[in-house]
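The structure appears right after this line, and notes come after that.
Convention: sequence-line order gives letters A, B, ...; per-chain numbering from 1. Excluded from the calculations below are hydrogen atoms, water molecules and symmetry mates; all remaining heavy atoms, backbone and side chain alike, are included.
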There are 2 protein chains.
Amino acid sequence: MNPNLFDFLKKLMIVSNNGSYRGSTLELSKLFGISQQAASLNLINLEKEGFIKRVRERNGQIIYFLEPAYELIYEEFNSLNFILNRQDKLDISGKVFSGLGEGKYYISQENYKNGLKAILGFEPFLGTLNIRISKKELYKMEIIRLKGRKYIPPFEKDGRVFGKVYVYNAELKGEKIGTIIPERTHYTDVLEIVAKDNLRQKFNLKDGDVLEVTVRFD
Amino acid sequence: MNPNLFDFLKKLMIVSNNGSYRGSTLELSKLFGISQQAASLNLINLEKEGFIKRVRERNGQIIYFLEPAYELIYEEFNSLNFILNRQDKLDISGKVFSGLGEGKYYISQENYKNGLKAILGFEPFLGTLNIRISKKELYKMEIIRLKGRKYIPPFEKDGRVFGKVYVYNAELKGEKIGTIIPERTHYTDVLEIVAKDNLRQKFNLKDGDVLEVTVRFD
DNA sequence: ATTACTATATTCCGAGTAA
DNA sequence: TTTACTCGGAATATAGTAA
């Protein structure tokens, strides 16, 4: 979300009571030092994006905050908490699920395999373990993305383009592992795990099992 | 601070390590999905406003975060915490100090006196107790300002203009009191307290004593 | 290589005003 | 009274480019 709109939402939630705000756009404009038109437009956008629900009244409107608004605030809260704790690692948890077996195909490519070995220090098992991150922890995925420093550069092979992937040292159940995040992907809630061994076998994992991974940024 | 610049600072602090970031404006622009020029300009502004200190290097620069940056993040963190806790009251503490006796003059004006009585439900002692809010809790002053609902409208008397003041029900040491914040003032760190009695006498207060006030928003 | 200036493009805001 | 549209101007971002 646009930082200006977020700022407006934040202020709106601060001046609200019991999960709602009753007032007019003129009132809001005066409170926030913006124009009535800007207040109106911001409300329209917030409603369009599903953060608030409005009910018109004689003299103004009632604004109800929907769950996504609180989720957004919570994400931001956690991001700031992360900064204040100046952490060099981050714990994230998710549920095991079966991918389409693409992981094995990709990881078998020489460039990726060698890149992983160089960054992680071990020869990876030819397969990945996927975990899906819950909505509550999605903000951590963004932080992990932003913190990405080590990566395997993109390359071409047999006329196909293989994209840049960020690689992180990590731990799982005391095991040194790696996590991979492709630079361009639409799966923003998936963390791919590589390890020396077949983790699914080693820990007898089933779909739906919850795993906690410690991702390192050094 | 401008929300866009704040957002940039926040992202910068997330991708940093050990209180500093080493890299180029081009790198940052790619990380954040903005232009190199915008990254450069944002850094210039952050440095101008005293949030960062930069050291040029061969290939880029090192960016050090200064204390005001952490303070800013901390303030925002607390504001969001406030939202998430959906409070209808707020505890704020500050140190007693002696004003110039202006409080007595203002509070003696009929309009102010009657307005206070109407909102607070008691006849105020003709004098105010001032407390100065510490930097750490200044963000609460902004929240209180934003939450202001009840006020005494501005008026003119003897050719003088008396401004709008926001009035809040509050508590101090179990006592029902009121706090006043003028709409326009340059003392953003001062909370004025009114009460039925002379609080300074009643509680034997001296300058420097720390008081905790619970401000209500109902 | 960099950063950052200048000029242009785009986005955003607010005044006027219709509904 | 409201909210929210159109439109012009301000603010902001990007492109080009100098240092």
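- At whole-Å resolution of the value, CG in Asp7(A) and P in dT12(D) are 13 Å apart.
- The distance between atom CG of Leu43(A) and atom C1' of dT3(D), rounded to the nearest whole Å, is 10 Å.
- At whole-Å resolution of the value, NZ in Lys48(B) and P in dT3(C) are 17 Å apart.
- Toward the 5′ end of DNA chain C lies the nearest nucleotide of Ser40(B), the other residue of the pair Ser40(B) and Asn42(A) mapping further downstream.
- Look at CG on Leu5(B): it is 16 Å from P on dA11(D), rounded to the nearest Å.
- Side-chain to base pairing of Gln36(A) with dG14(C): no donor and acceptor N or O lie closer than 3.5 Å to each other.
- Look at Thr25(A) and you'll find a side-chain N or O under 4.0 angstrom from OP1 or OP2 of dT3(D).
- Nucleic acid contact class of Leu41(A) (heavy atoms, under 4.0 Å, all strands): none.
- Glu27(A) and Tyr21(A) form a side-chain donor-acceptor contact under 3.5 Å, judged by distance and modelled atom types alone.
- Out of dT3(C), dC5(D), dT2(D), the shortest distance to the side chain of Ile44(A) is found at dC5(D).
- Atom-to-atom, CG of Leu26(A) to P of dT17(C) comes out at 17 Å; the value is rounded to the nearest Å.
- For Leu46(B) and dA4(C), the CG to P distance is 12 Å, given to the nearest whole Å.
- Listed nucleotides: dC5(C), dA15(C), dA13(D). Nearest to the side chain of Gln37(B): dC5(C).
- Put simply, CD on Glu47(A) is 12 Å from P on dT3(D), counting in whole angstrom units.
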Could you please spell out the steps behind the side chain to side chain donor-acceptor pair (under 3.5 Å) verdict for Tyr166(B) and Lys164(B)?
CA-CA 7 Å; Tyr166(B) 284 90; Lys164(B) 177 174 176 178; 3.3 Å; yes
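- Asn2(A) has a side-chain polar atom (N or O) that falls below the 4.0 Å cut-off from OP1 or OP2 of dC12(C).
- The shortest distance between side-chain heavy atoms of Gln36(A) and Lys30(A) does not fall below 4.5 Å.
- Side-chain proximity of Asn4(A) to dC13(C), dG14(C), dT17(D): nearest is dC13(C).
- Phe162(B) carries Arg160(B) over the face of its six-membered ring, with the cationic atom under 6.0 Å from the centre and within 45° of the normal.
- Map Ala38(B) and Gln61(A) each onto its nearest nucleotide of DNA chain D; the residue landing nearer the 5' end is Gln61(A).
- For Arg54(B), the side-chain atoms get nearest to dA4(C) when compared with the rest of dA4(C), dA15(D), dT3(D).
- For Phe32(A) and dC13(C), the CZ to P distance is 14 Å, given to the nearest whole Å.
- The residues Arg216(A) and Glu171(A) are annotated as salt-bridged, a charged nitrogen and a carboxylate oxygen being separated by less than 4.0 angstrom.
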